[in-house]
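Data first, discussion second: the structure below is written as structure tokens.
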Amino acid sequence: MYQMLDPATLRVLVTGGTSGIGAAAARRFVEAGAHVVATGRRADRLIALRDELGPRLHPLEVDVRDQAALSAALAGLPEPFARLNVVFANAGLALGLEPAQRASLKDWDDMVDTNIKGLLYTVEATLPGMVERGEGHIVFTGSIAGDYPYPGGNAYGATKAFVKQFSLNLMADLVGTGVRTTNIEPGMVETEFSLVRFHGDESRSGQVYAGTQSLTAEDIAEQVLFCCSVPRHVQINRLQVFPTCQAFNAFRIQRD
Ligand SMILES: NC(=O)c1ccc[n+]([C@@H]2O[C@H](COP(=O)([O-])OP(=O)(O)OC[C@H]3O[C@@H](n4cnc5c(N)ncnc54)[C@H](OP(=O)(O)O)[C@@H]3O)[C@@H](O)[C@H]2O)c1
């Protein structure tokens with residue numbers, strides 16, 4: 001019989017565990033027997049998750065943009081959470097869908113600070129320990145937006161292109177260390193993503209998913225668990241997951 005890793009051996013950090021894909025992944029890993037540290041800025045959500053999932057879920061309120069706080073929090077993890085062997089660097093957001101010439105510089109800054117710099121801080125705080133222990137896995141939440149451009153995707157898509165290339169470059173650095181990398185690249189997933197993108201405008205965010213069978217956060221969580229459970233000699237470096245109702249668009253041509 002094919003031997004998958006026992007999820008009970010996994011000690012997982014999930015950034016962005018308060019909502020959507022991260023919360024679903026925290027639930028799925030705990031259900032499978034893993035220990036999970038879930039982070040986010042909303043403490044009430046983390047406490048609710050701890051109440052729901054029990055002592056194998058360790059809540060950690062921290063903003064990934066705060067390098068000093070993140071580094072200190074991860075350095076001070078209690079046993080049995082301390083020796084992480086899976087880091088799911090998932091926290092991220094899109095802000096705005098305006099064309100670049102009308103986009104907000106603050107939105108661009110927030111996306112770069114979270115999706116790029118926060119992700120780098122997460123890796124910086126956890127990678128040396130995994131390399132030292134000769135075992136680990138970093139999973140990123142990239143996006144199809146890192147491969148395929150769309151109108152209004154400007155800085156968001158560019159941050160996800162960064163995530164993809166950083167993941168591939170890490171793989172180049174980490175060969176031989178026992179630490180593997182995976183970039184999960186979802187298409188449309190129904191979460192709070194669009195509500196955040198449209199700054200809390202529920203009618204606009206609802207339109208994104210109306211009439212579709214979008215991916216669910218649980219669909220992606222299942223793929224993350226799968227990638228982390230394949231035997232250690234197997235490395236899924238990129239995994240693109242679309243809902244069946246979504247595909248590519250034609251090139252746009254402006255005619256006179
Ligand atoms: N939904 C989609 O269609 C889709 C498609 C492709 C990729 N993605 C990517 O999937 C990831 C998860 O998004 P989601 O769809 O699950 O959206 P979501 O429901 O809005 O969840 C986003 C998570 O990121 C956390 N987060 C945001 N900024 C943070 C910060 N500064 N510090 C710490 N945590 C922060 C949020 O927690 P707090 O607000 O509590 O801090 C929340 O837990 C993102 O990287 C997103 O780009 C989403």
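In each ligand, atom 1 is the first atom listed, and ligand 1 is the first ligand listed. By convention here, the first residue in the shown sequence is residue 1.
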Kindly print each ligand 1 N/O atom paired with any protein N/O atom under 3.5 angstrom away, one pair per line, or none if nothing qualifies.
from	atom 1	to	atom 2	distance (Å)
ligand 1	1 (N)	V189	O	3.0
ligand 1	1 (N)	T191	OG1	3.3
ligand 1	3 (O)	V189	N	2.9
ligand 1	3 (O)	V189	O	3.3
ligand 1	15 (O)	T191	OG1	2.7
ligand 1	16 (O)	I21	N	2.8
ligand 1	17 (O)	T191	OG1	3.4
ligand 1	19 (O)	S19	OG	2.5
ligand 1	19 (O)	E192	N	3.2
ligand 1	28 (N)	R41	NH2	3.2
ligand 1	31 (N)	D63	OD1	2.8
ligand 1	31 (N)	R65	NE	3.4
ligand 1	32 (N)	D63	OD1	3.4
ligand 1	32 (N)	V64	N	3.0
ligand 1	37 (O)	T18	OG1	2.8
ligand 1	39 (O)	R41	NH2	3.0
ligand 1	39 (O)	R42	NE	3.2
ligand 1	39 (O)	R42	NH2	3.2
ligand 1	40 (O)	T18	OG1	2.7
ligand 1	40 (O)	R41	N	3.2
ligand 1	40 (O)	R42	N	3.1
ligand 1	40 (O)	R42	NE	2.8
ligand 1	41 (O)	R41	N	2.8
ligand 1	41 (O)	R41	NE	2.6
ligand 1	41 (O)	R41	NH2	3.4
ligand 1	43 (O)	G16	O	3.1
ligand 1	43 (O)	T18	N	3.3
ligand 1	43 (O)	T18	OG1	2.7
ligand 1	43 (O)	S19	N	3.4
ligand 1	45 (O)	N90	O	2.8
ligand 1	45 (O)	K160	NZ	2.9
ligand 1	47 (O)	Y156	OH	2.6
ligand 1	47 (O)	K160	NZ	3.2

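- Legend: residues meeting side chain to side chain contact (heavy atoms under 4.5 Å, CB included) with E52, ordered by chain and number and at least two apart, are R27, L49.
- Heavy-atom neighbours of Q101 CD from other residues, nucleotides or ligands within 6.0 Å: above the threshold of 12.
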N/O donor-acceptor pairs under 3.5 Å from side chains in residues 166-173, not counting sequence neighbours:
none

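- With a 4.5 Å cut-off between side-chain heavy atoms of Ile, Leu, Val, Met, Phe, Trp and Tyr, the cluster of Y150 takes in L93, L95, L97, L105, W108, M111, Y156, M188, F193, V196, F198, V208, Y209.
- The backbone N or O of R197 sits nowhere less than 3.5 Å from a side-chain atom of S194 that would complete a donor-acceptor pair.
- The closest donor-acceptor contact from the side chain of N183 to the backbone of G142 lies under 3.5 Å.
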